[in-house]
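Below is one structure, written out as structure tokens, with a few remarks after it.
Any value given below was found using the heavy atoms of this structure, including those in side chains, with hydrogens, waters and symmetry copies removed. Order of listing sets the numbers, starting from 1, for every ligand and every atom in it.
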Amino acid sequence: VAVLTNDHVVAEPQVALVDHHVHGVVTVELDEHGVESLLTEASGPPPGATAFDSQLGFAVRRWCAPVLDLDPLVPAVEYLRRRRELGSAEVTRRLLTAASVDCWLVDTGYQGDTVTTPAELAEISGRPAMVVARLESIAQAVATAGDGAARFGANVTAAIHAAAADAIGFKTVAAYRGGLAFDPARPDTARVRAAAGRWLREIEAGAPARLTDQVLIRHGIWAALDTGLPLQFHTGYGDADSRLHLADPALLQDFLAASAGAGAPVMLLHCYPYHRQAGALAALFAHVYMDVGEALNHVGARSAAVLAEALELTPFHKMLYSSDAFGLPELHYLGAAGFRRDLAAVTGAFVACGNWSAADAARVTGMIGAGNARRAYRL
Ligand SMILES: [Zn+2]
């Protein structure tokens with residue numbers, strides 16, 4: 001039982017981590033249903049079942065329970081009872097502090113009004129937080145500003161360059177808006193104007209300002225590349241809005257070839273179950289990076305195996321850490337603590353069988369945990 005206490009976890013030397021893709025924490029008190037709904041990418045478990053019956057749910061009971069003064073692996077009902085007793089603010093404070101992340105790069109584009117702002121996340125965790133700006137949100141703001149189709153393209157470009165003054169990077173959810181098999185070329189002005197005209201007429205007719213037009217999505221992507229800041233792509237597993245087979249990062253190969261000379265790093269987020277494809281792309285293209293964030297939390301006890309697969313082909317200077325935590329501070333903590341354990345286990349196994357030196361393992365750990373992100377984002 002001694003090995004199942006939290007003591008050895010906090011006593012381990014902390015590997016520095018930059019969480020390069022993360023969201024805020026919900027600011028309201030969560031009931032059982034609220035916690036369960038944030039533990040799954042689905043709309044919720046079927047009646048009579050619990051989201052805790054998953055690798056992620058077990059990982060919460062195993063690793064987060066001790067942070068709330070509970071024994072590891074307490075039943076979910078006891079975990080939820082203790083969570084209510086402490087209150088959301090205290091639970092969040094404990095878990096974000098225990099995560100001990102050096103720096104958060106926060107995607108503010110998903111339900112940003114329901115979660116902490118980057119400034120609040122920094123305040124609670126005691127670590128700096130920077131903004132990653134969503135391209136589709138910028139285009140939607142320009143569309144609703146009412147300046148017309150003729151100026152739309154230039155206005156989006158100007159808004160992206162203005163955002164670059166404050167943001168550390170950009171993100172696109174093209175995977176959710178038609179998929180990653182898009183035409184890799186930069187669209188010309190006439191096509192952007194025509195596409196903007198169609199979209200603005202739809203909005204005027206009452207359609208929600210949700211960007212799905214392929215020409216306009218690509219216009220934003222190329223405008224972002226022009227800033228030189230890293231551009232993140234959602235790839236792989238996400239919620240039910242994304243078409244999984246259209247989120248395979250391998251579909252980006254022609255775009256990656258076309259953008260190789262643009263001077264901006266491209267960051268493939270999540271990637272699972274296509275993490276081997278992402279590793280191959282990172283190996284092929286100098287400007288391409290990848291992570292297995294989100295997946296490692298969701299695959300729980302199998303996370304070291306997935307990380308090891310990702311490390312098969314990904315050059316060590318091309319992998320980054322992210323949690324993709326959204327809403328539940330458990331996810332911010334599990335991501336960080338789990339990544340430290342998995343990186344130690346995977347590289348430790350390479351050392352144990354004589355393939356790596358301990359010094360190389362320590363150096364690669366430093367690169368993947370924080371060094372690569374510091375270099376790519378110029379932190
Ligand atoms: Zn995310």
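The tally of protein N/O/S atoms under 2.8 Å from the Zn ion (ligand 1) stands at 3.
The aromatic rings of His287 and Phe285 sit perpendicular, their planes meeting at an angle over 60°, well past the 30° parallel limit. Taking the six-membered ring for Trp and thresholds of 30 and 60 degrees, Phe255 and Trp222 have ring planes more than 60 degrees apart, a perpendicular arrangement. Between Phe233 and Phe182, the angle of the ring planes stays under 30°, which puts this pair in the parallel group of the 30/60° scheme.
Here the CD-CG distance, from Glu41 to Leu38, works out to 10.0 Å after rounding to the nearest 0.5 Å.
Note that Arg210 lies outside the cation-pi zone of Trp199, set by a 6.0 Å cut-off to the ring centre and a 45° limit from the axis.
With respect to the salt-bridge test (charged N to carboxylate O, under 4.0 angstrom), the residues Arg81 and Glu78 do not qualify.
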